Amino acid sequence: MNYYNLKPRYYFGEGAVSCLEGEFARRKFKKALILYGGGSIKLNGAYDDVVKQLQKANIDFVEFSGIEPNPRDTTITSAIDFVINNGVDLILAVGGGSVVDASKVIATLATNRSKYNTVWDYVTNPKQLQQLPIPIISVITLAGTGSENNAGSVVTNLDKKLKKGVHQQYAIPYVAIEDPTYTYTVNAWQTASGIFDCFSHLLEQYFGQNTFEWTKEIIFAQLRVLLKYAKFVIDNPTDFTSRANILWTTSMALNSTTSFASDSDWNVHTLEHAFSGKWDITHGAGLALITPTYLEIRGKKEEWFYKKVEHLGKEVFKVSNFEETILFLKSFIKAIGLPLKWNEFKEITSFDESDVNELLNHSLQFGDESLKETYLEVLNTLKNDI
Ligand code: NZQ
Ligand code: ZN
């Protein structure tokens, strides 16, 4: 049996935030938290719009800012204390995937504080919850993760240099507000990284061993949309149609639609989390670095995988074989300004044998032991490719 449940109510389009009037009337809240990152929401209008709606509805609110890209367990801990001390009963997560990811952990641990000593304890063992999380409304401002409509949160522990995902179905935002105009201010690097993050979500869900035909076609259709708009939106950041198509694709690409009745393969993400845990690089750019090498190496080791790579190339990239599929992917990554070599990242100043071991250990801790040789070959190939 397959289970499929889309949780949020979606409000999509310019001015979508006005839905808050109806949402606030439907359910009474005493005190809201506006959760955000480094301040981009004050430049794109999202902050002002949310504040206006709260004021109109006479809902008291407090703010917590400073959620980092690749959110840290320590910052999340401070936010949990803040939420508890302020008696918050609604979280408005306004920002990119990092803010929305953090909101789910905050919402969950604020009502289950006694169950865990630290945020990291929860991330590594999320099964001891008793209370439902505080409700979340997401206002997404960066198209990429799909966090606005899924259960995932990825948390970074800088002390341990670890990055790990945790899933909490009950913390999925119950309302997702998606206004493509909020994404106009996302710079070229973050736009491309968000697009490639989504591209990778689609590939990782396609590359499971068994894929339901319907799901495969939905994945391919969404990859085509990304290919159609990716370069254009980077050159034309305020083009509504492109931003809207990209934003909706990124949501629909990671909310269980594109994994319906199918196996997934999250190994590129497993490897990337080791990179961003260690060097704090942008997630989508890290995926771009790893993906072509992973597909090439795994395809050459396993025939079924090779055939899936080739099928993807023929159906979506309109090329004729395995090698051309890898080349197409590399040229797409280059065209949208993302790196193909580690020394293109300003954060990575050296990459040697000990780094390979560290990345391998991280990947094996959270990934698939049976792919150890593949991981190692991918890491060594990336290390040597300068
Ligand atoms: O902090 P602010 O000032 O808001 O600036 C952010 C940040 O510097 C900026 N930004 C966001 N919206 C903007 C904007 N700048 C201008 N205009 C706007 N409208 O962009 C920078 C990056 O933001 P971040 O939220 O970190 O990016 P993203 O959405 O790519 O999220 C990345 C995080 O999500 C995790 C990643 O591992 C990473 O930690 N993931 C979450 C997933 C999930 N929940 O399902 C799945 C993904 O695979 C991913 O692992
Ligand atoms: Zn991702």
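No experiment lies behind these values; they were computed from the predicted model shown. Throughout, numbering of the chain's residues begins at 1 and tracks the sequence. Just follow the structure's listing: the first ligand is 1, and inside any ligand the first atom is 1.
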For this session: Determine whether the aromatic ring centres of Phe220 and Tyr206 lie less than 6.0 Å apart.
Result: yes
For this session: Check whether any N, O or S atom of Glu272 sits under 2.8 Å from the Zn ion (ligand 2).
Result: no
For this session: Give a yes/no on ligand 1: does Pro71 have at least one heavy atom closer than 4.0 angstrom to it?
Result: yes
Exercise. So Phe212 and Trp214, would you call those rings parallel, tilted or perpendicular, with 30° and 60° as cut-offs?
Worked result: tilted
For this session: Could you tell me the residue and atom name of the protein heavy atom closest to atom 33 (C) of ligand 1, and the distance to it rounded to 0.1 Å?
Result: Ser98 OG, 3.4 Å
For this session: Can you pull out the closest protein heavy atom to atom 37 (O) of ligand 1? Residue, atom name and distance to 0.1 Å, please.
Result: Lys163 NZ, 2.8 Å
Exercise. If you count the atoms of ligand 1 from 1 in the order shown, which ones are under 4.0 Å from a heavy atom of Ser147?
Worked result: 44 (N)
Problem set entry | Side-chain donor or acceptor of Asn149 paired with backbone N/O of Gly146 under 3.5 Å | yes
Exercise. Strictly under 4.0 Å, does any heavy atom of Asp197 approach an atom of ligand 1?
Worked result: yes
Exercise. Does an N or O from Gly152, backbone or side chain, lie closer than 3.5 Å to an N or O of ligand 1?
Worked result: yes
Seminar exercise, completed: Closest heavy-atom approach to atom 23 (O) of ligand 1 among Leu142, Asp179, Asn44, Thr145 is made by Leu142
Exercise. In terms of residue, atom name and distance, what is the protein heavy atom nearest to atom 8 (O) of ligand 1?
Worked result: Pro69 CG, 3.8 Å
Problem set entry | Parallel, tilted or perpendicular, as decided by the 30° and 60° cut-offs, for the rings of Tyr184 and Phe240 | perpendicular
Exercise. Does Asn86 reach the main-chain N or O of Val88 with its side chain, forming a donor-acceptor pair under 3.5 Å?
Worked result: no
For this session: For His201 and ligand 1, answer yes if some heavy atom of the residue is under 4.0 Å from a ligand atom, otherwise no.
Result: yes
For this session: Distance to 0.1 Å, residue and atom name: give those for the protein heavy atom nearest to atom 17 (N) of ligand 1.
Result: Thr185 OG1, 2.8 Å
Exercise. For Ser242, does its backbone N or O pair with a side-chain atom of Asp239 as donor and acceptor, under 3.5 Å?
Worked result: yes
Seminar exercise, completed: For Gly37, the atoms of ligand 1 under 4.0 Å from one of its heavy atoms are 1 (O)
Problem set entry | Closest Asp197 atom to the Zn ion (ligand 2) [N, O or S only] | OD1
Exercise. Would you call Lys52 and Asp48 a salt bridge, using N to O less than 4.0 angstrom?
Worked result: no
Exercise. Does at least one non-hydrogen atom of Glu68 fall below 4.0 angstrom from an atom of ligand 1?
Worked result: no
Exercise. Should you measure from each heavy atom of Thr141, which atoms of ligand 1 turn up under 4.0 Å away?
Worked result: 11 (C), 12 (N), 13 (C), 18 (C), 19 (N)
Exercise. For ligand 1, which atoms, with element, lie under 4.0 Å from some heavy atom of His269?
Worked result: 48 (O)
Problem set entry | Between Tyr10 and Glu148: side-chain donor-acceptor atoms closer than 3.5 Å | no
For this session: Flag the pair Asp121 and Lys115 as a salt bridge only when some basic side-chain nitrogen lies within less than 4.0 angstrom of an acidic carboxylate oxygen.
Result: no
Exercise. Once the angle between the rings of Phe199 and Phe317 is folded into 0 to 90°, is it parallel (under 30°), tilted (30 to 60°) or perpendicular (over 60°)?
Worked result: parallel
Exercise. Which residue owns the protein heavy atom closest to atom 35 (C) of ligand 1, what's the atom, and how far is it?
Worked result: Asp101 OD2, 3.5 Å
Exercise. For ligand 1, which atoms, with element, lie under 4.0 Å from some heavy atom of His273?
Worked result: 37 (O), 50 (O)
Seminar exercise, completed: Taking only non-hydrogen atoms of Gly96 and a 4.0 Å limit, the atoms of ligand 1 in range are 25 (O), 29 (O)
Exercise. Got a sec, which hydrophobics cluster with Val186, joining ILVMFWY side chains under 4.5 Å apart, including via others?
Worked result: Leu142
Problem set entry | N, O or S atom within His283 nearest to the Zn ion (ligand 2), by name | NE2
Exercise. Nearest to atom 1 (O) of ligand 1, what protein heavy atom do you find, and at what distance?
Worked result: Gly38 N, 2.7 Å
Exercise. Can we call the ring centroids of Phe351 and Trp279 under 6.0 Å apart?
Worked result: yes
Exercise. For the atom pair CG (Asp101) and OG (Ser138), what is the distance rounded to the nearest 0.5 Å?
Worked result: 11.0 Å
Exercise. For atom 39 (O) of ligand 1, which candidate among Val186, Ile41, Asn70 provides the closest heavy atom?
Worked result: Asn70
Exercise. Does a sphere of radius 6.0 Å around CD in Glu21 hold more than 12 heavy atoms from other residues, nucleotides or ligands, not counting ones at 6.0 Å or beyond?
Worked result: no
Exercise. Measuring to the Zn ion (ligand 2), does His269 have an N/O/S atom at a distance below 2.8 Å?
Worked result: yes
Exercise. Using heavy atoms and a threshold below 4.0 Å, how should the contact between Tyr182 and ligand 1 be classified: side chain, backbone, both, or neither?
Worked result: backbone
Seminar exercise, completed: atom 29 (O) of ligand 1: closest protein heavy atom, distance to 0.1 Å, is Gly97 N, 2.7 Å
Exercise. Looking only at heavy atoms, which two atoms of Asp73 and Asn157 are closest? And how far apart?
Worked result: OD2-ND2, 3.4 Å
Exercise. Should Lys301 and Glu377 count as an ion pair when the cut-off is N to O under 4.0 Å?
Worked result: yes
Exercise. Among the heavy atoms of Gly39, does any lie under 4.0 Å from an atom of ligand 1?
Worked result: yes
Problem set entry | For atom 10 (N) of ligand 1, the protein heavy atom that lies nearest, with its residue and separation | Ser40 OG, 3.6 Å
